[in-house]
Amino acid sequence: MNIDKFTITSYDQIMGFDRTNGSLDMILDELSDFTLSHEEEKTDLTGKGGRVISSLKKNKKVTGKGTNGMLSGGALAAMLGSEIEDGEYTIRYTDTITVSSNKGLTAETAIGTVGNEIGTVYVRDTNNAYISGGKKLTQTSGDPATGEFSYDPATKEITFFEGDIADGTEVIAFYDANVTGKKVTNNANHYSKTLQLFVDVTCQDGCDNLFHGQFIIDRADFTGTFDIVGGADPTTQAFEFTSLPNLCTGKSDLWNFILFD
């Protein structure tokens with residue numbers, strides 16, 4: 001390899017590890033852009049006639065920022081000061097139910113107070129409105145009268161009063177349901193993490209030889225200021241961190257860059 005003349009052709013991935021136990025906290029391997037910025041303050045010292053005779057340099061600073069093409073749960077947790085948890089959680093489920101023979105089935109099992117697991121079912125009006133128009137049916141724990149419905153969580157079956165809802169009508173229910181999944185929490189009292197980062201890159205020299213490089217950042221202090229944006233384009237993961245000296249080892253390195261075949 002000739003490092004007198006070389007370029008970084010791609011940023012391949014960024015790995016973040018817990019600085020205490022060494023466990024992998026995050027990996028960003030769909031990097032669409034990444035910038036490692038370097039700053040230092042320079043104060044000119046002037047002499048006779050105001051000419052510059054020297055300079056005082058201080059406060060070196062290294063920051064990294066970029067965009068991953070997909071969201072990363074680990075990166076979200078790092079920027080929120082959170083952990084990724086596995087378990088059973090309660091969500092608010094939106095369910096569109098088609099009525100047939102005065103019956104309907106929920107997609108999930110509604111939970112809550114017995115006899116009030118769903119509470120209200122909304123029937124669209126002729127304009128397809130179910131908040132500003134239409135009618136609302138109320139859950140009862142007994143046999144339904146007109147304007148009411150009952151629900152059996154064991155079978156997930158809704159029963160309407162006979163003749164209240166025509167066959168083929170779509171009604172909407174909003175209810176709580178338990179799901180198994182993963183959770184990231186944004187706790188107001190927890191702040192973004194400081195991780196050990198390894199940034200893998202692919203390099204090429206002036207003779208077209210390919211080789212590898214890795215930036216090693218012992219203390220990458222992530223910012224907790226970021227946006228989660230959705231719309232016409234898929235959601236991406238923007239991130240930013242500041243490199244800090246590793247005071248525990250007495251070293252003042254902001255990063256090391258190792259090139260290897």
Side-chain angles (χ1 to χ4, degrees), residues 1-20 22 25-69 72 74-82 186 188-206 211-229 236-260:
M1 72 181 78
N2 179 1
I3 67 168
D4 291 331
K5 296 181 180 180
F6 78 99
T7 185
I8 295 176
T9 59
S10 68
Y11 284 94
D12 302 323
Q13 66 177 13
I14 298 177
M15 301 173 290
F17 292 84
D18 186 283
R19 297 186 65 253
T20 301
D25 269 23
M26 55 162 268
I27 186 164
L28 301 171
D29 56 3
E30 293 292 343
L31 294 167
S32 56
D33 64 82
F34 178 69
T35 303
L36 199 58
S37 301
H38 303 77
E39 305 173 32
E40 69 175 15
E41 292 183 16
K42 178 182 175 183
T43 302
D44 289 335
L45 304 178
T46 59
K48 185 185 297 184
R51 68 180 184 273
V52 177
I53 57 174
S54 187
S55 61
L56 174 64
K57 298 177 183 179
K58 59 180 181 178
N59 295 338
K60 290 187 73 172
K61 182 180 180 181
V62 171
T63 56
K65 63 180 179 181
T67 306
N68 198 56
S72 161
L76 281 175
M79 292 188 288
L80 296 173
S82 180
N186 187 358
N189 296 316
H190 294 174
Y191 299 93
S192 53
K193 298 179 182 178
T194 299
L195 303 178
Q196 184 183 35
L197 285 194
F198 297 85
V199 184
D200 288 329
V201 301
T202 298
C203 303
Q204 181 175 318
D205 67 15
F211 50 96
H212 300 286
Q214 185 176 82
F215 290 94
I216 302 173
I217 303 168
D218 276 343
R219 294 180 67 206
D221 183 12
F222 277 82
T223 179
T225 302
F226 63 98
D227 298 318
I228 300 176
V229 181
T236 57
Q237 178 83 66
F239 60 92
E240 186 172 348
F241 62 84
T242 300
S243 178
L244 305 175
N246 192 347
L247 300 180
C248 294
T249 63
K251 294 183 178 180
S252 56
D253 300 342
L254 296 176
W255 54 254
N256 289 295
F257 186 36
I258 299 175
L259 298 161
F260 57 98

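The shortest distance between side-chain heavy atoms of Q237 and M79 falls below 4.5 Å. T223 is not listed as a side-chain neighbour of K65, based on a closest heavy-atom distance of 4.5 Å or more. For the pair M15 and Q214, the minimum side-chain heavy-atom distance is below 4.5 Å. You'll find the side chain of I8 reaches within 4.5 Å of the side chain of F215, heavy atoms only. At a threshold of 4.5 Å between non-hydrogen side-chain atoms, the residues L76 and F226 count as touching. I258 is not listed as a side-chain neighbour of F198, based on a closest heavy-atom distance of 4.5 Å or more. By the 4.5 Å heavy-atom criterion applied to side chains, L254 and P245 are counted as neighbours. Within the 4.5 Å cutoff, side-chain heavy atoms of V62 are placed close to those of L36.
Nearest heavy-atom pair, I217 versus S243, reported as atom, atom and distance to 0.1 Å: CG2-OG, 3.5 Å. Closest approach of G213 to C203, counting heavy atoms only: N-SG, 4.3 Å. Residues L195 and A78 approach most closely at CD1-CB, 4.0 Å, considering heavy atoms. Considering all non-hydrogen atoms of both residues, T46 and G50 come closest at CG2-O, 3.6 Å.
There is no side-chain donor-acceptor pair under 3.5 Å between D221 and T242. A side-chain N or O of E41 and one of N59 form a donor-acceptor pair less than 3.5 Å apart.
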Exercise for review: Determine, step by step, whether D218 and D253 satisfy the side-chain contact (heavy atoms from CB on, under 4.5 Å) criterion, reporting the C-alpha distance in whole Å, the side-chain angles of both residues, the deciding distance to 0.1 Å, and the verdict.
Suggested key: CA-CA 8 Å; D218 276 343; D253 300 342; 6.0 Å; no
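More than 12 heavy atoms of other residues, nucleotides or ligands sit less than 6.0 Å from atom CG of L259.
Ring geometry for W255 versus H38: interplanar angle over 60°, hence perpendicular rather than tilted (30 to 60°). Taking the six-membered ring where tryptophan is involved, the planes of F241 and F222 are tilted, since the angle between them lies from 30° to 60°.
S72 OG to M26 CE: the interatomic distance, rounded to the nearest 0.5 Å, is 6.0 Å. In this structure, the separation between CZ on F239 and CG on L28 is 5.5 Å, given to the nearest 0.5 Å. Note that OG1 of T194 is 7.0 Å distant from CZ of R19, once rounded to the nearest 0.5 Å. Rounding to the nearest 0.5 Å places CG of N68 at 6.5 Å from CD of E30. A distance of 10.5 Å separates CD in E240 from OG1 in T67, rounded to the nearest 0.5 Å. The distance from the CZ atom of F34 to the OG atom of S10 is 13.0 Å, given to the nearest 0.5 Å.
Salt bridge status for D25 with K193: present, with a side-chain N to carboxylate O gap under 4.0 Å.
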